[in-house]
Protein chains: 2
Amino acid sequence: MTVHAQTKEKPKLTKRKMASQQQIIHAAAVCFMLYGLEKATVNDMARELGSTKGRVYHHFASKNEIFFAVYRQAMQFCFDAVEPVLCLPLPADQKLFKMAKAHAIVMMETLPYQRSIRQGVNMYLHGSDSTAERAVLSELIARRNAYEDLYRSVLQQGQVDGSLSVPDVAIAGRAIMGALNSLVDWYRVRPEQGTADQEKIADTLARTVIRGLLA
Amino acid sequence: MTVHAQTKEKPKLTKRKMASQQQIIHAAAVCFMLYGLEKATVNDMARELGSTKGRVYHHFASKNEIFFAVYRQAMQFCFDAVEPVLCLPLPADQKLFKMAKAHAIVMMETLPYQRSIRQGVNMYLHGSDSTAERAVLSELIARRNAYEDLYRSVLQQGQVDGSLSVPDVAIAGRAIMGALNSLVDWYRVRPEQGTADQEKIADTLARTVIRGLLA
DNA sequence: GTATAAACATACTGACAAGAATGTTTTTGC
DNA sequence: GCAAAAACATTCTTGTCAGTATGTTTATAC
């Protein structure tokens, strides 16, 4: 029974906790997107939740920690969308296309998160005084680099298997990420448009971006 | 003599005024880049100038107006760099390449300005209460659209003269601007590197971006 | 050279937001 | 069903910064 309690009751508590945190993170992402990282107040997030500041500060030590959580989540969305493609047994050009398309779609689907993290990394670099925060920040930046490395490695692979022609892997990688990530700036959510429209945008964009690298 | 005073003395005053304003705008751009739009305080700008807040508020009514001035200046840099290329009698593909390269170079050369305006348009959209500010903001956004239209028009032209193959002009335009503008995120100024390195980066990036659109 | 205005510097205020402190309710372990 | 702790809500403190008001210097006009 005690074992049962540990494997069912305990998770029930943490699940509740995690669900509440996820709600807060989502509300924060929306507020960051709407008002900007600085102008968005913790009260705004609470209001978005239909709740109060007390709840937020019960789960997170500071506003920065909330931003970090949003950042982590945003990156996780990206990894979850792209990593499956990496395992497919395909030539590099096709793999790259699928990755780009998957990335574009996840940009649109998790727009509040991606908008939030787009601005403000430099901001927080100079703003955070605590060394602990700096550490977290470098971890997040490292994670972003790891993600971009996925693309660079496929570019490299394409050079090897001959399906791609890349004069400069670093710059090509930047160009790809820049073009795809620009989606968060210009993509506007329209209520009537479904996944089909997103699919088409992602497809066209990915095709346009990749075509310049084909051998 | 009075005529002489109007044509020499008066301009001397306005020239001094404009020069002071330009200094303030530049200091603001640097601070916006370093600390972010919100965290950068008017005192920071004054300190950057080796001056005080009084000087800043003598020339600008509000912090927002300073940002608007930085925005205008940033866009002007872009227009000044790219418009000469537009007048050249070249096929669209070559013209587009020269434009992209010029844009890339101006991004690196006027980095503080471009960094400043990259974040914060959405921020100010919800933040500004005054209708006058909203008007200025739409004007600036319109100016940015006009600039991007330069690229879209050349893309269109390329479709006509057959030098380019563009499935979707709007998306291709976004992709180009996204890839080029990403420079402000990842380009780091190194003291030893001269214009030659910038040239090379710009050339490689522009080539990579454009190649996907060649016919 | 002196009145006048522009170009600053200095000192102050009011508003707002982060975070702490404290109170209240709900859930959980037993 | 009852302590105990987690999950909140409410209130208060504190620092900061945009903007203002006022003082001081410097340039201009005549």
Side-chain angles (χ1 to χ4, degrees), chain A residues 1-24 27-28 31-32 35-68 123-124 126-130 133, chain B residues 1-24 27-28 31-32 35-68 123-124 126-130 133:
Chain A
M1 279 292 262
T2 46
V3 173
H4 182 252
Q6 275 165 2
T7 53
K8 189 188 171 187
E9 305 291 346
K10 270 285 175 61
K12 190 182 171 187
L13 179 134
T14 48
K15 209 162 74 182
R16 173 188 157 89
K17 188 184 180 74
M18 287 211 333
S20 186
Q21 282 180 342
Q22 277 302 119
Q23 272 192 298
I24 294 172
C31 289
F32 283 148
Y35 312 125
L37 288 188
E38 306 282 314
K39 273 196 175 156
T41 73
V42 180
N43 272 327
D44 288 334
M45 304 170 192
R47 182 165 24 82
E48 179 75 24
L49 283 166
S51 183
T52 66
K53 197 157 63 169
R55 180 173 163 194
V56 176
Y57 275 99
H58 177 72
H59 289 282
F60 295 92
S62 69
K63 188 181 164 184
N64 278 356
E65 269 202 13
I66 303 172
F67 171 71
F68 294 154
M123 196 141 71
Y124 275 89
H126 288 86
S128 64
D129 13 73
S130 142
E133 280 185 352
Chain B
M1 280 295 264
T2 47
V3 173
H4 183 252
Q6 275 165 3
T7 53
K8 189 188 172 186
E9 305 291 345
K10 272 283 177 63
K12 191 181 169 187
L13 181 136
T14 48
K15 211 161 75 181
R16 174 188 155 90
K17 189 182 177 75
M18 288 213 331
S20 186
Q21 282 180 343
Q22 277 302 119
Q23 271 192 299
I24 294 172
C31 289
F32 283 147
Y35 311 125
L37 288 188
E38 306 282 316
K39 273 194 176 157
T41 73
V42 179
N43 273 326
D44 289 334
M45 303 171 192
R47 182 163 27 79
E48 178 75 23
L49 284 166
S51 183
T52 65
K53 196 160 59 168
R55 179 174 166 195
V56 176
Y57 275 99
H58 177 72
H59 288 281
F60 294 93
S62 69
K63 187 181 166 185
N64 277 356
E65 269 203 13
I66 304 172
F67 171 72
F68 293 153
M123 196 141 70
Y124 275 89
H126 287 84
S128 64
D129 14 71
S130 143
E133 281 184 352

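We name chains A, B, ... by the order of the sequence lines, and we start the count at 1 in each one. These numbers come from a predicted model, not from an experiment.
- Using a distance-only test at 3.5 Å, with no hydrogens or angles considered, a donor-acceptor pair links the side chain of Lys63(B) to the main chain of Glu38(B).
- Position along DNA chain C of the nearest nucleotide to Gly54(A) versus His59(B) favours His59(B) as the more 5'-ward residue.
- If you check distances only, the side chain of Lys63(A) never reaches the base of dG19(C) with a donor-acceptor pair under 3.5 Å.
- The nucleotide whose nearest atom lies closest to any side-chain atom of Lys17(B) is, among dA9(D), dA7(C), dA9(C), dA7(C).
- Distances shorter than 4.0 Å separate some side-chain N or O of Ser51(B) from OP1 or OP2 on dA9(C).
- Taking only side-chain atoms of Ser20(B), from C-beta outward, the nucleotide of dA9(D), dA18(C), dC8(C) with the closest atom is dC8(C).
- At the heavy-atom level, Ala40(B) lies under 4.0 Å from the strands shown only through sugar-phosphate atoms.
- The closest side-chain heavy-atom distance from Met45(A) to Ile66(A) is below 4.5 Å.
- Side-chain proximity of Arg16(B) to dC17(D), dC8(C), dA17(C): nearest is dC8(C).
- Atom pair Arg55(A):CZ and dG23(C):C1' shows a separation of 19 Å (rounding to whole Å applied).
- The interatomic distance linking Lys53(A) (NZ) with dT24(C) (P) rounds to 19 Å, in whole Å.
- The side-chain heavy atoms of Glu65(B) and Glu133(B), taken from C-beta on, include no pair separated by under 4.5 Å.
- Side chains of Arg55(B) and Gln23(B) form a contact here, defined as non-hydrogen atoms less than 4.5 Å apart.
- Between dC17(D), dA18(C), dC8(D), one nucleotide has an atom nearer to the side chain of Thr41(A) than all others, and that is dA18(C).
- When the P atom of dA18(D) is taken as reference, atom CZ of Phe67(B) falls 15 Å away, rounded to whole Å.
- A pairwise comparison of heavy atoms in Asp44(A) and Lys39(A) identifies OD2-O, 3.8 Å as the closest pair.
- Nearest nucleotide to the side chain of His58(B), out of dC8(C), dA20(C), dC8(D): dC8(C).
- Rounded to whole angstrom, the span from the NZ atom of Lys15(B) across to the P atom of dA7(C) amounts to 15 Å.
- Checking dC8(C), dG19(C), dG19(D) against every side-chain atom of Tyr57(B), the shortest atom distance belongs to dG19(D).
- Going from atom OH of Tyr35(A) over to atom C1' of dC16(C) covers 16 Å, rounded to whole Å.
- Straight-line distance from the CD atom of Glu65(A) to the P atom of dA18(C): 15 Å, rounded to whole Å.
- The distance between atom CD of Gln23(A) and atom C1' of dA7(D), rounded to the nearest whole Å, is 13 Å.
- Rounded to an integer number of Å, the gap from CG of Asp44(A) to C1' of dG19(C) is 16 Å.
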